[in-house]
Amino acid sequence: MIWAEEETLPRGEIEKIQLEKLKETVQYIYDKGVPYREKMDAAGVKPEDIRSLDDLKRLPFTYKADFREHYPDGMFAVEKKELVRYHASSGTTGKPTVVGYTKHDKEVWLNNVARIACMGGATSEDVAQISFGYGTFTGALGLHGGLETVGAAVIPMSSGNTNKQIMFMQDMGVTLLVATPSYALHLGEEIRARGIDAKKDLQVRIGLFGGEGMTEPMRDEMHKVWGDQFVCTQNYGMSELCGPGVAGECTELVGMHINEDWFIPEIIDPETEEILPPGELGELVVTCLGKEALPLVRYRTGDLTRLFYEPCKCGRTTCRMENISGRADDMMVIRGVNVFPTQIEEVLLKIPEIGPHYEILVERKNRLDVMTITVELFDDRLLDSYAKLDELEKRIKAGLKSQLGLATQIKLVAPNSLQRFEGKAKRVKDLRKDGL
Ligand code: DLL
């Protein structure tokens with residue numbers, strides 16, 4: 001089901017809506033958003049200079065650093081009394097990024113999440129278990145509200161407490177699971193470990209995953225755990241932009257449809273800031289349209305992707321963004337080679353003897369970068385055979401060498417010995433930054 005007709009408009013009409021809303025948004029943020037007005041004045045651009053979508057490029061960027069500088073709510077364009085909700089980003093260091101919503105913002109947000117839920121196949125018949133952690137993270141309450149808008153019955157489970165998760169899935173006839181991809185895989189393993197066959201004994205047929213990336217091999221792994229019938233999509237969002245609800249995959253699985261009547265995407269070269277044409281890989285920059293509490297123009301997401309504008313077989317005409325291939329800032333430079341954790345994951349998940357859990361450790365030894373990847377064996381039968389382990393280790397190293405052009409150290413460990421994550425997985429430890 002397609003939730004809103006705006007998802008299917010001819011390109012000319014989408015752009016007409018975008019231009020109209022862009023002009024209003026720029027005027028609004030210039031009048032009410034003090035930090036952004038200062039940037040526009042410094043760049044010598046006025047709201048009336050925005051006459052076409054092409055004029056977007058005249059506007060200055062907004063950065064995560066702007067939120068830090070104006071912490072907690074200096075970026076807001078409305079007074080506190082107009083807010084109905086706060087959320088905050090899941091930042092791991094320093095102060096979080098605080099975001100706010102007016103009543104109207106919240107309605108638009110949840111409606112956009114409803115669109116994404118429908119892209120992934122959700123209907124009012126579904127029983128949806130939300131296994132994102134509740135709290136200031138936008139994921140749980142965002143998907144919760146979006147799925148309720150669709151009419152699904154929502155179970156606000158939160159993450160953790162695996163036994164209860166599985167009991168509810170069984171007893172309530174859960175048909176739809178919301179989680180980070182890594183947590184969904186973990187739950188799948190726990191289900192298998194309890195002798196439950198997800199394909200036969202459970203009714204979960206849809207996975208709406210997001211908050212972190214899901215590579216194609218990871219999706220294959222999901223099917224192994226949850227069954228071939230499982231419709232497994234991912235969606236993308238960011239607290240600053242609203243949370244989830246920015247883009248989502250439809251069941252054609254050809255990229256994530258962006259809700260373009262509310263978000264204008266651009267792709268830039270993160271170094272030169274040059275705008276790149278459709279199909280080229282670069283940093284996603286997003287302008288939010290019509291937001292009241294936290295209007296954002298040309299926000300540098302740091303996420304790397306490509307955009308495609310051809311209409312999709314599903315009937316949607318909105319622009320699609322490819323799986324995120326990493327963040328401009330989680331790119332590691334190892335002995336001069338640019339490495340993204342997703343590249344490593346792609347190699348690992350194609351090797352059947354190892355499970356989907358891994359850790360990447362980067363250290364500097366004798367002035368040389370050394371990358372050690374710890375991977376879990378899929379089952380413990382291999383532990384008895386040194387020859388087999390040795391062969392496996394060599395095969396993993398060769399796969400990584402051909403993908404990255406780099407030699408790596410591999411550490412094989414017993415099944416279930418690496419840490420599991422309930423929210424976003426933290427798989428990379430880069431000790432070089434600490435000067436060690
Ligand atoms: O993760 C919002 C969200 C929640 C989206 C639930 C989808 C589902 P933040 O905590 O602010 O917001 O983190 C945003 O997470 O810049 C990406 O780097 C990463 N991210 C989110 N979704 C995906 C995805 C939410 N599908 C940051 N693929 C973003 C890859 C993703 N990375």
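Numbering of ligands and ligand atoms starts at 1, following listing order. Here, residue 1 is the first one in the sequence, and each next residue gets the next number.
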Fill in: Sub-4.0 Å atoms of ligand 1 with respect to non-hydrogen atoms of Q234
24 (C), 26 (N), 28 (N)

Practice prompt. For Y36, enumerate each residue passing the ring pair (Phe, Tyr, Trp, His ring centres under 6.0 Å) test, keeping only those at least two apart in sequence or located in another chain.
Written response: none

Discussion item. Show me which atoms of ligand 1 lie under 4.0 Å from any heavy atom of N235.
Written reply: 7 (C), 8 (C), 22 (N), 24 (C), 26 (N)

Practice prompt. Give the numbers and elements of all ligand 1 atoms closer than 4.0 Å to a heavy atom of S239.
Written response: 9 (P), 10 (O), 11 (O), 12 (O)

Discussion item. Any atom of ligand 1 sitting under 4.0 Å from a heavy atom of F132?
Written reply: yes

Discussion item. Within the 3.5 Å criterion, strictly below it, is a donor on E190 or T162 matched to an acceptor on the partner's side chain?
Written reply: no

Discussion item. Within the 4.5 Å heavy-atom criterion, are E359 and K429 side-chain neighbours or not?
Written reply: no

Practice prompt. Would you check whether G211 has a nitrogen or oxygen atom less than 3.5 angstrom from a nitrogen or oxygen atom of ligand 1?
Written response: yes

Response to the item:
Closest to atom 1 (O) of ligand 1 by heavy-atom distance, out of K424, E212, M238, is K424

Item to complete: Just jot down the ligand 1 atoms closer than 4.0 angstrom to any heavy atom of G213, in number order.
Response: 28 (N), 30 (C), 32 (N)

Worksheet entry | CA sep, side-chain torsions, deciding dist, call: H144, F132, ring-ring contact (aromatic ring centres under 6.0 Å, His included) | CA-CA 10 Å; H144 178 129; F132 279 141; over 10 Å; no

Discussion item. So if I count the atoms of ligand 1 from 1 in the order they appear, which ones are less than 4.0 Å from some heavy atom of R327?
Written reply: 16 (O), 18 (O)

Practice prompt. Could you check Y299 against F67 for ring-ring contact (aromatic ring centres under 6.0 Å, His included), going step by step and ending with a plain yes or no?
Written response: CA-CA 11 Å; Y299 189 62; F67 280 85; 5.8 Å; yes

Worksheet entry | Side-chain donor-acceptor pair present, D73, Y86, cut-off under 3.5 Å | no

